[in-house]
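As the structure lists them, so they are numbered: ligands from 1, and atoms in each ligand from 1. Predicted model only: the values in this text are computed from it and were never measured.
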Amino acid sequence: MAAINYTDKIPNNVNLATDRTLQRALEHWQPRFLEWWQGMGPTDFQGADVYLRTATSVDADGWATYGAVKMPEYRWGIFLADPVADRKIGFGDSMGQPAWEQVPGEYRSTLRRLIVTQGDTEPASVEQQRLLGHTCPSLYDLRNLFQVNVEEGRHLWAMVYLLHAYFGRDGREEAEELLQRHSGDADKPRILSTFNEPISDWLSFYCFTYFTDRDGKYQLKSFAESAFDPLSRTCRFMLTEEAHHMFVGETGIGRVVKRTLEVMKELGTDDPARIRAAGAVDLPLLQKYLNFWCSSSLDLFGSEISSNSASNFASGMKGRPDESQYEDHVLREIQLKLDTPDGTKDVPMLNALNEVMRESYLRDCEIGLKRWNRLIERAGHAFRLTLPSTRFRRSIGSWVSLPVTPEGKLVSREEYDRRLYEWIPSEEDKAFVRSLMQRVVEPGKMAGWVAPPDRGINNLPVEYEYVKLS
Ligand SMILES: [Fe+2]
Ligand SMILES: [Fe+2]
């Protein structure tokens, strides 16, 4: 089961050839996907040879082969993790019953919505990042960008397969719509607002892969628990691809910190103006980017108190990330204390699951912060990078639009407006970051604002020509 069939037009490990109707429907969608890739994917690099990994099996280790591929020839396909024999539902009111091989009628429209919303983010991020290649800080980074892009394209395939295979005509129509909405489009935007923000500089790209792809990881982890077994298996394999995206973010930001510390040492100063004049990102500026992307990604978890999250959990559609680490999997009896602007409230745990997920996400975000701060500490500086409070800059939930500082303190509206650009990038900050974005494509060379990575891809040297531009 684990081996992937590459002789079919659509690579897959789901025996697609045995279901002619499904195969034909997906083969009909395939050229539209390629058209979308050509029109909305990375601009101008379609003829380049890119050193990419492609899935060859779904085993935990050794699933990838590496080689030079032109992106439009990437073998996008349908890869599900192996089934777990006699899998049972692991949470909610139907806990212990057999997992679902088909979609129960009463959950059909909700599950379809959940899959479409997840599916929509995948091509959206490719669209958001389509211009980045032109200002790549190195060939190594350019290759990583394209690896992320082709895999987000594959994640779209993953969701489209579920829609085609399990949701009939509605599912096929949704699959078409996924190619018709576009990031930032005035008439047909992507579903979630974070995915309509263009990502036009690499500092934002590193932050996006660190914070927003990590939200993706948490969504996938909660779907990996789903009672709907095909969704669970799909998401379990997607998670193995997702890990690389967060690696790009964590090491990217780490390399920025490293380079900034070198410049601080050379100049013997921590004066932001002098660091900027030397072409590096001062640490307070990096903090503003972290504040912006972290707070924007926190909104993706939804309101702290949510009846949808309660019913998705109770029904078995969506669990908590790493469900097995908890003791109570039904949650009918317990409450959670929530801090709201009107004081602490006791909320039924089932209704507070978005908040539970957001908190475990933030603990995961802390890991990178610790690494980066260790670099700063070792260089002898007192400055520390931090995550903003979950109340800062919220556009959803009980703290929506309240004037709260990144430390979580409620201040006057006047103070908030006056100080906002101490906390998130101002137009001037963004213009400075844009000015750093100069294309570097000599093998092994790096832009001046980012340190080289510790090692290359797949044991190759950093100097390897990861993208051969045509
Ligand atoms: Fe993805
Ligand atoms: Fe991703």
Just distance, no hydrogens or angles: give the donor-acceptor pairs under 3.5 Å from side chains in residues 158-166, sequence neighbours left out.
none

Would a 4.5 Å heavy-atom cut-off, applied to side chains only, mark R169 and E173 as touching? yes

Taking side-chain contact (heavy atoms from CB on, under 4.5 Å) as the test, write out the residues that go with K88, two or more places apart. D86

Who are the side-chain contact (heavy atoms from CB on, under 4.5 Å) partners of P123, not counting sequence neighbours? W36, L156, R190

Any idea how many protein N, O or S atoms are nearer than 2.8 Å to the Fe ion (ligand 2)? 4

Flag for T212-S297: side-chain donor and acceptor within less than 3.5 Å: yes

For H134 and F45, take the angle between the two ring planes, folded into 0 to 90°, and tell me which bin it lands in: parallel under 30, tilted 30 to 60, perpendicular over 60. tilted

